[in-house]
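Here is the structure we will look at.
Just so we're clear, the structure is a prediction, and the values are computed from it rather than from any experiment.
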Amino acid sequence: MNNNRPSDSDHRSLQILDELSNNDSLTQRDLSSRLGIALGLVNSYIKNLIKKGYITVKAIPPKRYAYYLTPKGLAEKTRLSYDLLHDYTRIYREARNGLKKLFRGLETAGAKKILFAGSDEVAEIAYLTLQESDLELVGVVDDEKTGDTFFASIIQPFSAIEHMKYDCIVVTTYLQRDSIFKELIAHGASKKKIQNIFSA
């Protein structure tokens with residue numbers, strides 16, 4: 001097992017460093033809006049990145065602060081990008097293999113209608129893999145991207161599953177797999193109908 005794999009925290013840190021590298025100055029509220037992360041969580045990441053010397057802060061009127069990438073932060077952004085690229089390659093292989101096996105098993109079990117939960121890169125891999133089967137995608141749910149288009153589907157909120165007909169829900173995200181599983185359970189999905197191809 002590779003203990004040096006990038007974590008969810010690394011991914012969020014990279015997102016913040018990347019935003020700051022492309023903009024002269026951004027506030028915490030700007031970052032929260034751009035990345036879809038709660039303001040309190042952005043504040044926690046910012047404090048950690050300042051402590052490590054990756055970003056610096058400057059006061060701007062009225063009573064606001066802007067954040068800038070340091071040379072050390074730029075080097076860290078490059079390192080994280082490299083590590084995450086390698087990790088995404090591993091995730092792609094793992095997802096493809098896991099999805100092929102899952103979809104074959106579902107077909108054998110007589111399943112017909114599949115619902116995706118999560119709409120990041122893993123969902124795109126799942127959609128392409130699904131085309132190699134006779135299974136039908138009946139919808140995609142993801143609160144953070146509700147209303148967006150995913151191929152031919154309009155992404156619905158998690159609450160929509162209460163009125164949808166499906167044989168199986170496939171968790172189609174890597175970084176948010178645990179939180180999405182909890183959301184599905186909270187909205188009445190049966191654990192028996194939820195499939196996650198990634199180990200915890």
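A cation-pi contact, defined as under 6.0 Å to the ring centre and within 45° of the axis, is absent between Lys145 and Phe150. For Arg177 and Tyr174, the positive end sits near the middle of the six-membered ring, less than 6.0 Å away and at most 45° from its axis.
In this structure, CZ in Phe116 is found 9.0 Å from OH in Tyr127, a value given to the nearest 0.5 Å. To the nearest 0.5 Å, atoms OH (Tyr68) and CD1 (Ile55) are separated by 11.5 Å. Rounded to the nearest 0.5 Å, atoms CD (Glu19) and CG (Leu14) are 10.5 Å apart. Taking CD1 of Ile154 as the reference point, atom CG of Asp148 lies at 8.5 Å (rounded to 0.5 Å).
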Where do Ser133 and Arg104 land on the side chain to side chain donor-acceptor pair (under 3.5 Å) test, with the steps shown first?
CA-CA 8 Å; Ser133 73; Arg104 279 197 301 267; over 6 Å; no
Apply side chain to side chain donor-acceptor pair (under 3.5 Å) to residues Tyr67 and Gln28 and explain how you reach the verdict.
CA-CA 8 Å; Tyr67 301 91; Gln28 289 190 22; 2.9 Å; yes
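Proximity of Leu106 to Asp167: side-chain heavy atoms (C-beta onward) are nowhere separated by under 4.5 Å. The shortest distance between side-chain heavy atoms of Ile50 and Thr56 does not fall below 4.5 Å. By the 4.5 Å heavy-atom criterion applied to side chains, Gln176 and Glu144 are counted as neighbours.
Between the side chains of Ser13 and Asp10, not a single donor N or O lies within less than 3.5 Å of an accepting N or O.
Under a 3.5 Å cut-off, the side chain of Asn48 and the backbone N or O of Ser44 do not form any donor-acceptor pair. Using a distance-only test at 3.5 Å, with no hydrogens or angles considered, no donor-acceptor pair links the side chain of Thr173 to the main chain of Asp120.
The minimum heavy-atom distance between Val140 and Ser153, with the atom names listed, is CG2-CB, 4.3 Å.
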